[in-house]
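See below for the structure under consideration.
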Amino acid sequence: MLTLHIGNKNYSTWSMRPWVLMTQAGIAFNEVMLRFDSFEPDSQFKRSAEALSPSGTVPVLVDDGLVVWDSLSIAEYLAERFPQHGLWPATAADRALARSATAAMHSGFGALRSHFPMNIEASLPEVGARILREQPDVVADLQRLLALWESLLARHDGPLLFDRFSIADAFFAPVVMRLKTYALPVSPRVAEYMAQVQALPGVQGWVAAALQEHDFRPFEEPYRQGPDPA
């Protein structure tokens with residue numbers, strides 16, 4: 001049995017990717033939560049994460065003693081380990097595009113990710129509007145992201161980036177949640193794509209668990225002094 005070590009579902013974008021991928025694909029696994037108490041070297045989270053892998057971060061996948069860390073490495077390992085699930089698209093051209101888009105999300109859009117941390121249980125439209133007014137680098141990231149989605153959706157005519165669910169959709173699921181939390185402006189085609197991603201059972205399972213955490217972490221929430229009233 002595979003074991004996936006993750007962080008708080010409300011905040012951990014990196015953890016969300018392989019969890020959604022495995023859940024949506026029907027790959028059985030055990031889940032271990034490493035709660036975000038702090039990212040300081042002496043925190044319980046850091047001590048636990050560093051005991052698992054050299055990265056000292058989550059997610060971490062353990063398969064019969066093999067330890068795989070980094071969300072992209074985990075996704076590639078799962079694609080090879082479970083070829084029957086078709087985690088990448090079927091054609092070579094689509095696989096190349098899907099890998100390019102996934103790598104772009106994995107290593108890019110830094111301004112958008114920095115200013116819009118994932119916070120599934122929050123609704124922060126006023127923050128989204130203010131950041132777009134004040135941060136041109138965030139606007140550039142958002143425009144580049146939306147253009148990428150538009151081009152892939154036009155190529156494959158939706159509803160997901162490569163017709164059926166793939167690693168690319170799992171990697172963009174956290175940014176879909178960001179765009180929802182901060183109510184960022186999108187086209188009708190992108191809005192439909194976001195709705196399709198949020199309707200995936202794997203995404204719904206993650207979101208439902210995130211909403212049940214009720215674990216406010218101040219260092220993850222630069223825009224709030226506390227959780228919204230129930």
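Treat the numbers as computed from the prediction; the structure is a model and nothing was measured.
Closest approach of Gly56 to Phe45, counting heavy atoms only: O-CE2, 4.2 Å. In terms of heavy atoms, Met118 sits closest to Thr13 at CB-CG2, 3.3 Å. Smallest separation of non-hydrogen atoms from Ala168 and Leu161: CB-CD1, 4.2 Å. Taking every heavy atom of both residues into account, Ala75 and Ile167 meet most closely at O-CD1, 3.7 Å. Here the closest non-hydrogen pair linking Asp37 and Ser43 is OD1-CB, 3.7 Å. Between Pro18 and Ser15 the shortest heavy-atom distance is CD-O, 3.3 Å.
A 4.5 Å side-chain heavy-atom check between Val175 and Trp149 finds at least one atom pair inside the cut-off. Side-chain contact between Glu213 and Glu121 is absent, with no heavy-atom pair separated by less than 4.5 Å. By the 4.5 Å heavy-atom criterion applied to side chains, Phe116 and Leu184 are counted as neighbours. Side-chain contact between Tyr193 and Val186 is absent, with no heavy-atom pair separated by less than 4.5 Å. Taking the side chain as every heavy atom from C-beta outward, Ile120 and Lys9 never approach each other to under 4.5 Å. You'll find the side chain of Phe165 reaches within 4.5 Å of the side chain of Leu200, heavy atoms only. The closest side-chain heavy-atom distance from Asp215 to Phe36 is not below 4.5 Å. Residues Asn119 and Arg224 meet the side-chain proximity criterion, which asks for heavy atoms closer than 4.5 Å.
Using the six-membered ring where Trp is involved, Phe171 and His106 have ring planes that are tilted, between 30° and 60° apart. Classified by interplanar angle (parallel below 30°, tilted 30° to 60°, perpendicular above 60°), the ring pair Trp19/Phe29 is perpendicular.
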Full working for side chain to side chain contact (heavy atoms under 4.5 Å, CB included) between Tyr223 and Thr181: CA-CA 12 Å; Tyr223 305 122; Thr181 293; over 6 Å; no

Test side chain to side chain contact (heavy atoms under 4.5 Å, CB included) applied to Tyr182 and Leu112, step by step: CA-CA 11 Å; Tyr182 299 96; Leu112 187 149; over 6 Å; no

Met22 vs Leu61, side chain to side chain contact (heavy atoms under 4.5 Å, CB included): CA-CA, chis, key distance, verdict: CA-CA 11 Å; Met22 297 169 76; Leu61 181 71; 4.0 Å; yes

Intermediate values then yes/no, side chain to side chain contact (heavy atoms under 4.5 Å, CB included), Glu76 and Trp88: CA-CA 9 Å; Glu76 289 283 14; Trp88 288 118; 3.2 Å; yes

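Cluster membership for Leu21 and Val62, using ILVMFWY side-chain heavy atoms within less than 4.5 angstrom, is not shared. Note: the hydrophobic cluster containing Val203 also contains Phe172 (ILVMFWY, side chain heavy atoms under 4.5 Å, direct or indirect links). Met1 and Ile6 fall into different hydrophobic clusters, where Ile, Leu, Val, Met, Phe, Trp and Tyr side chains are chained together by heavy-atom contacts under 4.5 Å. Taken together through direct or relayed side-chain contacts under 4.5 Å among Ile, Leu, Val, Met, Phe, Trp and Tyr, Ile74 and Trp14 form parts of separate hydrophobic clusters. Cluster annotation: Leu66 and Leu52 are assigned to distinct hydrophobic clusters (Ile/Leu/Val/Met/Phe/Trp/Tyr, side-chain heavy-atom contacts under 4.5 Å, transitive).
A side-chain donor-acceptor contact under 3.5 Å links Tyr77 and Asp63.
Under the 3.5 Å distance criterion, the side-chain polar atoms of Arg35 are left unmatched by any main-chain donor or acceptor of Gly7. A donor-acceptor pair under 3.5 Å is formed between the side chain of Ser151 and the backbone N or O of Leu148. Formation of a donor-acceptor pair under 3.5 Å by the Lys46 side chain with backbone atoms of Ser38 is not found in this model. Side-chain atoms of Asp70 come within 3.5 Å of backbone N or O of Ser73 as a donor-acceptor pair. Between the side chain of Gln24 and the main chain of Gly202, a donor-acceptor pair closer than 3.5 Å is present.
Residue Ser48 holds its OG atom at 12.5 Å from CE of Met33, rounded to the nearest 0.5 Å. Taken to the nearest 0.5 Å, the CG atom of Leu146 stands 10.5 Å off from the CG atom of Asp141. Here Leu87 contributes atom CG and Arg164 contributes atom CZ; the two are 8.5 Å apart, rounded to the nearest 0.5 Å. Residue Asp169 holds its CG atom at 13.0 Å from CZ of Arg17, rounded to the nearest 0.5 Å. Here the CE atom belonging to Met16 is positioned 14.0 Å from the CG atom belonging to Asn8, to the nearest 0.5 angstrom. For the atom pair CD (Gln198) and CE (Met177), the distance works out to 5.0 Å, reported to the nearest 0.5 Å.
Annotation: Phe39 is in aromatic contact with Phe219 [ring centroid separation under 6.0 Å].
For the pair Arg189 and Glu150, the salt-bridge criterion is met [side-chain N within less than 4.0 Å of a carboxylate O]. Of the charged side-chain nitrogens involved, at least one lies within less than 4.0 Å of a carboxylate oxygen, so that Asp94 and Arg155 count as a salt-bridged pair.
In Asp42, the CG atom is crowded: over 12 heavy atoms of neighbouring residues, nucleotides or ligands sit closer than 6.0 Å.
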